[in-house]
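For the numbers below, each heavy atom of this structure counts, side chains included, while hydrogens, waters and symmetry mates do not. For reference, positions follow the sequence shown, starting with 1. Start at 1 and go down the list; that is how both ligands and their atoms are numbered.
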Amino acid sequence: EKGNYRHFMLKEIYEQPIVVAQTLQSYLRPLEEQVALPDMEFDLSTVKRVTIVACGTSSYVGMVGKYWIEQLARVSVEVDVASEYRYRDPVIEDDHLALFISQSGETADTLAALRHCKDAGATTAGIINVPTSTMAREADLLMPTHAGPEIGVASTKAFTCQLAVMAAFATNLARAKGRLTPEAEKDIVHHLSEVPAAMQQALEHDEEIEAMAGTIAKARDVLYLGRGPDYPLALEGALKLKEISYIHAEGYASGEMKHGPIALIDENVPLIVIAPSGPLFEKTVSNMHEAQARGALVVLISDAEGLKEAGDGLLATIEMPKVHPLIAPLVYAIPVQLLAYHVAVAKGTDVDQPRNLAKSVTVE
Ligand code: F6R
């Protein structure tokens with residue numbers, strides 16, 4: 001049921017503080033100030049490499065996971081989309097952990113990749129939302145998300161719940177690898193516990209985002225920029241916008257802009273910049289200024305500190321609460337989703353059932 005919401009997608013965007021809290025509840029032990037995974041029959045400390053395979057929005061969680069796992073656990077990670085992975089004769093060995101991410105647990109390519117890795121002797125793990133799904137049954141380790149049923153075709157709450165579980169996984173792997181002091185783990189638990197409240201604050205910008213949607217809705221092309229763990233969010237923002245509003249959109253790593261995409265920039269191309277303040281901020285803002293100098297209509301999503309440093313001349317800003325970089329992708333997902341939603345509504349498309357798309361892609 002949609003309740004008072006106009007679309008399932010909007011309802012599901014608004015559910016995120018609750019379902020992410022629910023998901024985190026089964027991975028955080030606040031009293032011990034530790035992160036915990038479900039019981040498993042293998043020893044995480046023996047994992048030499050993590051291979052993450054997924055499709056679409058779920059694959060962007062994998063990309064964020066690469067930043068987190070490499071940084072926290074110092075284990076190298078490869079991420080691939082399932083349709084490429086399964087046909088490219090990948091190197092997989094028995095000290096590799098193959099991690100599959102899927103809302104439905106039924107995506108044909110992801111499932112085929114899981115079976116391929118199992119046959120090759122790798123240990124398999126799944127971050128899966130539908131507990132009765134085929135992937136949930138077949139993975140050696142099931143790490144459930146508790147997003148509840150996701151009805152809107154565009155994934156929203158499953159995405160942020162997947163990120164929450166990914167953060168718990170990266171932390172556990174780091175501990176198993178002897179890379180995490182109890183103090184550092186305590187800090188992570190603390191940061192993760194702050195996610196639901198920070199998401200709630202992010203949701204308060206809904207009306208502001210709605211107000212700028214009309215301008216973006218007139219564009220033919222929209223570019224998204226992000227850096228580090230927020231780069232996959234640029235990809236997610238572009239995917240969400242194109243799938244429900246049918247506006248052509250691309251996400252780029254900020255530093256890649258001058259290697260080609262900057263040629264697209266003129267006063268008709270909105271540029272959505274996802275840039276929390278922090279060590280990477282200055283670099284992204286300098287990429288943003290290059291685009292501004294070429295007439296780009298910039299929407300900057302940052303916190304108060306970042307917005308202050310960014311200067312004037314922006315089309316609009318969306319102010320996020322100041323959060324730890326680890327949890328920024330979860331919080332910044334909200335304005336990215338809301339922007340796509342309101343632009344689609346402004347264009348009058350069928351938000352919950354976009355053309356040509358199915359909720360679960362069970363054929364390749
Ligand atoms: C985008 C979207 C798709 C799915 C993809 C994978 O909004 O929903 O890109 O993320 O089809 O689906 P799952 O996660 O069910 O394997």
Side-chain angles (χ1 to χ4, degrees), residues 7-13 15-16 19 23 52-65 79-86 98-115 117 124-139 142-166 224 232-247 249-251 329 333-334 336-341 343-344 349-364:
H7 296 98
F8 279 107
M9 183 180 175
L10 189 62
K11 173 175 178 265
E12 289 164 0
I13 290 172
E15 277 172 1
Q16 290 176 109
V19 295
T23 299
I52 304 178
V53 184
C55 296
T57 289
S58 297
S59 77
Y60 302 146
V61 174
M63 292 176 70
V64 176
V79 187
D80 208 347
V81 291
S83 54
E84 285 300 312
Y85 182 81
R86 62 182 290 204
L99 174 56
F100 301 86
I101 308 169
S102 178
Q103 187 287 126
S104 61
E106 303 293 349
T107 301
D109 282 322
T110 311
L111 178 60
L114 187 156
R115 288 177 172 160
C117 289
T124 58
I127 298 179
I128 315 285
N129 195 45
V130 177
T132 51
S133 61
T134 313
M135 280 183 233
R137 279 198 310 274
E138 295 192 11
L142 170 62
M143 294 183 278
T145 45
H146 302 294
E150 193 179 61
I151 310 293
V153 163
S155 185
T156 53
K157 62 176 181 170
F159 175 70
T160 45
C161 287
Q162 288 165 346
L163 286 172
V165 175
M166 182 59 87
Y224 287 75
L233 270 188
L235 300 175
E236 169 63 359
L239 179 64
K240 216 96 295 180
L241 188 72
K242 73 185 103 172
E243 73 179 321
I244 61 172
S245 76
Y246 316 143
I247 294 173
E250 299 299 334
I334 297 223
V336 160
Q337 296 163 348
L338 283 172
L339 185 64
Y341 172 77
V343 171
T349 58
D350 187 347
V351 172
D352 284 333
Q353 292 283 333
R355 69 188 182 198
N356 311 339
L357 289 169
K359 182 66 188 160
S360 180
V361 184
T362 52
V363 289
E364 62 172 298

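Side-chain polar atoms of Thr160 and Gln16 form a donor-acceptor pair below 3.5 angstrom. When only modelled atom types and interatomic distance are considered, Thr57 and Lys240 share a side-chain donor-acceptor pair under 3.5 Å. The closest side-chain donor-acceptor pair between Glu106 and Thr134 falls under 3.5 angstrom.
Listed by chain and number, the residues in a salt bridge (Lys or Arg N to Asp or Glu O under 4.0 Å) with Arg115 are Glu138 (sequence neighbours excluded). Take Glu12 and apply the salt bridge (Lys or Arg N to Asp or Glu O under 4.0 Å) test, not counting sequence neighbours, and it matches no residue. Partners of Asp352 under the salt bridge (Lys or Arg N to Asp or Glu O under 4.0 Å) rule, at least two apart in sequence or in another chain, do not exist in this structure.
For a heavy-atom separation below 4.0 Å, the residues in contact with ligand 1 are Cys55, Gly56, Thr57, Ser58, Ser102, Gln103, Ser104, Thr107, Val153, Ala154, Ser155, Leu239, Lys240, Glu243.
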